Amino acid sequence: MAAVRVRVPAKVNLALRVGETDEQGYHRLGTVFQAVSLGDEVIAEEAPPGEFRLAFQGEGAGFLPVDDTNLAIKAAKALAAHVGRGDLGVNLMIRKRIPVAGGMAGGSADAAAVLVACNALWGLDTPHDELHGLAARLGADVPFLLLGGTAIGTGRGETLTPVMSSGTFHWTLALAHTGLSTPAVFKEFDRVSPPQDTEIPVGLLEALRNGDAAGVGASLINDLEAPAIRLLPTLARTLEIGLEAGALGAIVSGSGPTCAFLAGSDAHSVELAEALGVFSGVRALRRAFGPVPGAQVLP
Ligand code: C5P
């Protein structure tokens with residue numbers, strides 16, 4: 001195949017409970033992921049053996065590394081090594097819409113998309129469980145971006161159980177002026193908070209099953225929200241403005257700083273974006289819906 005195009009979603013954590021650390025310093029998590037329609041696109045083209053190139057368009061282009069330190073290149077090389085083929089190469093172009101260092105797993109999403117794109121481009125037919133294994137070694141969020149939909153994540157977040165969810169949930173996403181480093185937010189959590197129990201609220205799962213947006217909004221929980229706010233205090237005001245404007249729920253997404261507001265409808269998400277747009281602490285607004293599928297080859 002000469003070129004393959006893959007679309008991949010971003011994620012919002014509807015619940016993110018942070019427990020103890022393991023031997024490697026990773027935290028035991030209990031999380032509920034929802035894949036949302038704000039996504040990136042990866043175009044993979046054939047390249048000469050051993051050549052792995054990467055370029056970006058859109059969000060963060062010009063700032064993101066395009067060398068071997070980028071998870072997208074690591075993903076392509078990991079797949080080539082997994083199948084033991086030294087004759088493979090790829091030219092990757094990533095169209096970014098997912099905020100960079102925003103707590104929506106943009107880098108992990110690109111890695112998941114690259115695994116799917118290279119698997120198709122190189123005609124490998126790698127079984128799903130092997131792709132999942134490669135994804136988990138690349139990062140805790142990468143497996144979920146392969147799967148998509150709604151799922152509980154345990155372990156480091158890589159052990160997934162799909163969750164029943166009805167209907168469509170509408171989100172307004174408020175992007176901040178700066179990014180937050182995920183390790184820094186976990187460190188701030190460790191500095192102040194004792195490990196939490198990693199239980200997922202039963203009410204959240206019930207509300208998802210019933211397509212009850214108000215119920216989902218009321219049960220959103222993120223143990224990383226307080227540490228993210230300590231590192232970037234304007235987030236507290238951002239969350240407040242969305243709630244004052246009638247959001248069904250407001251939460252820092254993952255390790256932040258993107259704030260996610262649950263709306264009752266598409267029209268309501270426009271209203272929330274208008275209310276948040278006047279606050280100087282917000283760089284940009286996006287609207288999205290979920291759940292959506294994981295990384296998929298486009299026709
Ligand atoms: O897995 P990933 O590389 O995306 O994680 C980024 C960082 O987030 C890790 O280096 C670690 O500091 C922190 N992390 C953690 N516990 C997890 C997942 C991530 O402490 N379960």
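Not measured: the values here are computed from a predicted model. In each ligand, atom 1 is the first atom listed, and ligand 1 is the first ligand listed.
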*Identify, with sequence neighbours excluded, every residue that meets side-chain hydrogen bond (donor to acceptor under 3.5 Å, both in side chains) alongside Ser280.*
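If we apply the side-chain hydrogen bond (donor to acceptor under 3.5 Å, both in side chains) test to Ser280, skipping adjacent residues, there are no hits.
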
*Is Gln34 close to Trp171 at the side-chain level, that is, under 4.5 Å between some pair of heavy atoms?*
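Sidechains of Gln34 and Trp171: in contact.
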
*Please check if any side-chain donor atom of Ser269 sits under 3.5 Å from a side-chain acceptor atom of Arg287, or the reverse.*
yes

_CD (Glu240) with more than 12 external heavy atoms under 6.0 Å_ = yes

*Under the ring-ring contact (aromatic ring centres under 6.0 Å, His included) rule, what pairs show up with a residue in residues 131-163, not counting sequence neighbours?*
Phe33-Phe144

*If you look only at pairs with a residue in residues 176-212, which of them pass as a ring-ring contact (aromatic ring centres under 6.0 Å, His included), with sequence neighbours excluded?*
His27-Phe186

*Anything with a heavy atom under 4.0 Å from ligand 1 counts, so go ahead and list those protein residues by chain and number.*
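Only Gly25, Tyr26, His27, Leu29, Gly139, Ala140, Arg156, Thr182, Pro183, Phe186 have heavy atoms that fall under 4.0 Å of ligand 1, ordered by chain and number.
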
